[in-house]
Amino acid sequence: MNALFDLVVRNARVATASDCFDADIGIVGGRITQLGKQLPAGQREIDALGRVVTPGGVDAHCHLDEITSGPVRMADDFDTGSRAAACGGTTTMIPFAAQLRGHSLAEAVNAYRARAAHKAHVDYAFHLIVTDPTPDVLSHELPALIAEGFTSFKIYMTYDDMKLGDGQILDVLSVARQHGALAMLHAENADCIQWLTRRLLDAGQTAPRFHAQSRPMLVEREATHRAIALAELVDTPILIVHVSGREAIEQIRWARALGLKVFAETCPQYLFLTAEDLGLDDSYHGARCVCSPPPRDRANQEVVWNGLADGLFSVFSSDHAPFRMDGMQGKRPEGCEVSFDHIPNGIPGIETRMPLLYSEGVLKGRITLERFVELTATGPAKAYGLHPRKGTIAIGSDADLVIWQEGERVLRNADLHHNVDYTPYEGKTLHAWPALTLSRGEVIWDGQFHARPGHGQLLACGRPSLLPAAQARCP
Ligand code: DUC
Ligand code: ZN
Ligand code: ZN
């Protein structure tokens, strides 16, 4: 007689964003078809041994194989990036398709689709990055791409080759409102950063640690407030990405108290790194932790933890932006130690995002297991229109699962699977790690990585759940 299930994950301590319970998980055709005790035998069986089983992670902010300027190249493409994701318990990733100024957005999407196809080991969607909101982009390309399932886009308020002015941001937000998309804002004040950078460089202060001084909390606070005001003017929800500390959080709480739909994301670097990791002296070693916004201090870390625990944050992402320390294309462009303003921004973290939060958040009692699931899987899947197919353990959902193993393990870059030659968390002790990752019912990690290039499918995103059910047309 044929088995009822292709696979049964037996004796699971199932954790969702709302509760935890003991169950077996029955899987057919890559989807969960039954949850219950003592399910009949499957064609294959995995014994979870009573361990915690969470939905596969949804990393809703990572940069893979992005086109960068000059000699700099990202170290991870969709092969190595999704390999690292899988080994760290992430089964859905949402990187970016970035428009180049002077080029069409649709062209960018096609280019990034081609970069990912036949390489990705886990499922993926794309956020758009809008750098050139021409009349054609605003009235044709964006609406058509949203209808096709690219329902979120990132707007930069800094970086010369990406930033939009306030009027342009209003234009893009209006399109988001009208067509049912969610805008993500990188909130830092470009002019303040430029002014501070000039002063630091003129004073000969060029080492990596001055990156943090060129982007103090104030520049993030001001831009966060401005982003909120622009969204209020257009009357559309926004999500502020990579929020780094207290002053930005205060702005978001203030907006929420007024009833504005302002959502927020934070990342591991704002919990586990401080500005001191960029260096206490002028050594170039600190270049490895140069990212924007920069890590702050311990007091700010605590405020971010509070926001994770009390529901301020909807999404916990890696902002994986992979650049190697060695070689010609990474943190030392053309092999040279450069001034802080020329160090490629970004740190790796796609594989360590979930184990770090599980270890330091759940196992140290700072957040509940349910909240961990909400932040790493359910929240991002909902925010970007992938729920309930992704981000939960429920009948009908994809069988994207992680079995967790508790125990001490020292984080070593040599054990990671990205193509970056360091981790900012080298030597940190983890207390939990994914023992096994399933993507649509296929084992892709069980202590060994089971490569399936091309297994990862491009997902069309639905309407982000953070948007109101229906919106009237813009006045
Ligand atoms: N900041 C970004 O905005 N993107 C990539 C990495 C970084 O540090
Ligand atoms: Zn950003
Ligand atoms: Zn980013």
Side-chain angles (χ1 to χ4, degrees), residues 60-63 94-99 105 108-109 125-134 137-159 162-190 220 222-243 248 251-252 255-256 260-267 293 313-315 317 319 379-386 461-475:
H61 184 159
C62 53
H63 302 265
I94 318 185
F96 296 88
Q99 180 193 24
L105 196 50
V109 170
F126 284 108
H127 305 294
L128 310 174
I129 293 178
V130 185
T131 60
D132 201 357
T134 60
V137 165
L138 292 170
S139 42
H140 297 113
E141 290 201 338
L142 265 177
L145 287 165
I146 294 167
E148 232 188 286
F150 300 96
T151 58
S152 50
F153 28 83
K154 186 171 178 189
I155 298 170
Y156 282 89
M157 299 171 83
T158 188
Y159 295 134
M162 315 252 239
K163 71 181 179 202
L164 302 189
D166 291 354
Q168 293 175 307
I169 295 174
L170 289 169
D171 284 342
V172 177
L173 291 179
S174 298
V175 175
R177 183 185 196 277
Q178 201 177 336
H179 295 275
L182 182 64
M184 310 154 73
L185 273 292
H186 177 131
E188 288 184 297
N189 180 311
E220 187 182 343
E222 185 282 329
T224 301
H225 183 87
R226 186 155 37 98
I228 291 167
L230 298 175
E232 184 182 3
L233 196 58
V234 175
D235 183 27
T236 198
I238 52 168
L239 187 143
I240 312 278
V241 292
H242 43 52
V243 172
Q251 295 300 312
I252 296 161
R256 292 260 189 103
L260 300 174
K261 294 215 175 302
V262 176
F263 301 98
E265 170 206 80
T266 193
C267 314
F313 290 108
S314 305
V315 179
S317 308
D319 198 5
K382 285 184 173 174
Y384 299 113
L386 293 171
C461 296
R463 186 181 175 88
S465 72
L466 300 178
L467 302 179
Q471 288 178 319
R473 288 183 79 82
C474 227

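Values below: every heavy atom of this structure, side chains too, minus hydrogens, waters and symmetry copies. This is a predicted model, so every value here is computed, not measured.
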With a 3.5 Å distance limit and no angle check, can you tell me whether [X] reaches the backbone of [Y] through a side-chain donor-acceptor pair?
X	Y	answer
T266	V243	yes
S465	K382	yes
Q251	T224	no
Q178	V175	no

Hey, is NZ on K261 packed in by over 12 heavy atoms from elsewhere, all under 6.0 Å? no
When you look at NZ of K154, are more than 12 heavy atoms from neighbouring residues, nucleotides or ligands closer to it than 6.0 Å?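 Correct, the count exceeds 12.
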Heavy-atom side-chain proximity of [X] to [Y] below 4.5 angstrom:
X	Y	value
V172	F153	yes
V234	L170	yes
R256	F263	yes
T131	L105	no
P133	L164	yes
P464	P237	no
V130	Y156	no
L230	I228	no

Can you tell me how far the [atom1] atom of [X] sits from the [atom2] atom of [Y], to the nearest 0.5 Å?
X	Y	atom1	atom2	answer
F126	I94	CZ	CD1	11.0 Å
H127	S152	NE2	OG	4.5 Å
T236	L467	OG1	CG	6.0 Å
T151	R463	OG1	CZ	9.5 Å
E265	L185	CD	CG	11.5 Å
Q99	L145	CD	CG	10.0 Å

Using side chain to side chain contact (heavy atoms under 4.5 Å, CB included), reason through D319 and H63 one step at a time and then give a plain yes or no. CA-CA 7 Å; D319 198 5; H63 302 265; 2.9 Å; yes
What pair of heavy atoms forms the shortest contact from [X] to [Y], and how long is it?
X	Y	value
L182	L466	CD2-CD1, 4.0 Å
C461	Y384	CB-O, 3.2 Å
N189	E222	ND2-OE1, 2.9 Å
K163	A190	CD-CB, 3.7 Å
A183	L173	CB-CD2, 3.5 Å
V109	L128	CG2-CD2, 3.4 Å

Assign the ring pair H61 / H242 to parallel, tilted or perpendicular, where the plane angle (0 to 90°) is split at 30° and 60°.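 If you compare the ring of H61 with that of H242, the planes turn out tilted.
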Can you check side chain to side chain contact (heavy atoms under 4.5 Å, CB included) on R226 and M157, steps first, answer last? CA-CA 10 Å; R226 186 155 37 98; M157 299 171 83; 3.6 Å; yes
